[in-house]
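Quick notes on the structure that follows.
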Amino acid sequence: GDACKDEQHHCMSFVEAGWFQCLTNCAILGNLCIVLLQLISSDLADFLSAPDQAIFGFYVFELAARVLFHRQSFLCGPWKTVAWNAIDCVVVIAGIVDQLALLVVAPSPNFALAMRVLRGLRLL
């Protein structure tokens with residue numbers, strides 16, 4: 001019941017910790033570096049694929065943890081917070097759709113690049 005919800009809320013409280021915020025910012029900066037390197041040289045795409053996937057996996061985990069921690073208040077509250085949370089949702093969902101599309105059709109480099117740039121916007 002409520003005790004289980006409180007325990008789940010408490011175990012997800014790390015999303016507000018300074019170390020986790022720092023880790024998230026490092027992932028965003030890493031993603032930005034990957035995007036810039038890919039813009040400089042398309043030859044690096046294969047080399048950067050694994051780090052790019054790892055960072056995307058972290059984004060999915062981070063978003064899920066924040067949703068579990070904030071619950072209903074994730075998309076309710078101060079408009080700036082809600083707007084950034086909504087952007088995070090759009091970016092992660094678009095990334096998931098992009099990953100699923102890779103399984104079905106040939107990859108779209110422009111769409112993938114656009115999603116990486118959107119992830120970089122999280123720095124703001």
Side-chain angles (χ1 to χ4, degrees):
D2 287 337
C4 188
K5 285 182 182 177
D6 289 339
E7 185 177 312
Q8 180 183 19
H9 184 264
H10 177 70
C11 79
M12 292 296 163
S13 64
F14 67 88
V15 301
E16 296 296 319
W19 66 267
F20 190 74
Q21 297 295 321
C22 183
L23 182 63
T24 300
N25 288 334
C26 287
I28 293 168
L29 285 172
N31 181 249
L32 187 59
C33 290
I34 289 172
V35 169
L36 292 174
L37 287 171
Q38 288 174 331
L39 287 173
I40 292 168
S41 173
S42 60
D43 296 337
L44 294 173
D46 288 340
F47 176 73
L48 297 172
S49 177
D52 187 47
Q53 291 300 309
I55 290 171
F56 180 68
F58 177 80
Y59 285 152
V60 172
F61 167 77
E62 185 256 349
L63 180 65
R66 285 192 306 123
V67 167
L68 289 172
F69 178 72
H70 293 288
R71 297 188 208 142
Q72 296 90 346
S73 65
F74 185 75
L75 291 175
C76 298
W79 73 270
K80 285 184 180 180
T81 302
V82 170
W84 283 114
N85 288 344
I87 289 169
D88 285 349
C89 287
V90 168
V91 169
V92 169
I93 290 168
I96 291 170
V97 168
D98 183 52
Q99 293 299 306
L100 293 173
L102 290 176
L103 298 173
V104 179
V105 296
S108 166
N110 292 336
F111 181 74
L113 182 61
M115 290 302 100
R116 289 185 194 102
V117 169
L118 279 176
R119 286 188 234 162
L121 286 177
R122 295 184 69 195
L123 280 172
L124 304 176

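Bear in mind that the values here come from a model prediction, so they are computed numbers and not experimental data.
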Minimum heavy-atom distance [X]-[Y], with the two atoms named:
X     : Y     : result
Ile55 : Ile34 : CD1-CD1, 3.7 Å
Phe74 : Cys89 : CE2-SG, 3.5 Å
Ser13 : Phe69 : CA-CE1, 3.4 Å

About how many Å separate [atom2] of [Y] and [atom1] of [X], when rounded to the nearest 0.5 Å?
X     : Y      : atom1 : atom2 : value
Tyr59 : Asn31  : OH    : CG    : 4.0 Å
Thr81 : Leu75  : OG1   : CG    : 11.0 Å
Phe20 : Met12  : CZ    : CE    : 9.5 Å
Ile96 : Leu100 : CD1   : CG    : 7.5 Å
Gln53 : Leu48  : CD    : CG    : 11.5 Å
Leu44 : Asp52  : CG    : CG    : 12.5 Å

Exercise. Does some side-chain heavy atom of Thr24 sit less than 4.5 Å from a side-chain heavy atom of Phe58?
Worked result: yes
Problem set entry | Among Gln21, Arg66, His70, side chain to side chain donor-acceptor pair (under 3.5 Å) partner for Glu16 |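 The passing option is His70.
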For this session: Consider only side-chain heavy atoms of I, L, V, M, F, W and Y, link residues closer than 4.5 Å, and tell whether Trp79 and Val90 are in one cluster.
Result: no
Exercise. Parallel, tilted or perpendicular: which fits the ring planes of Trp19 and Phe14, with parallel below 30° and perpendicular above 60°?
Worked result: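 Plane angle under 30°, so parallel.
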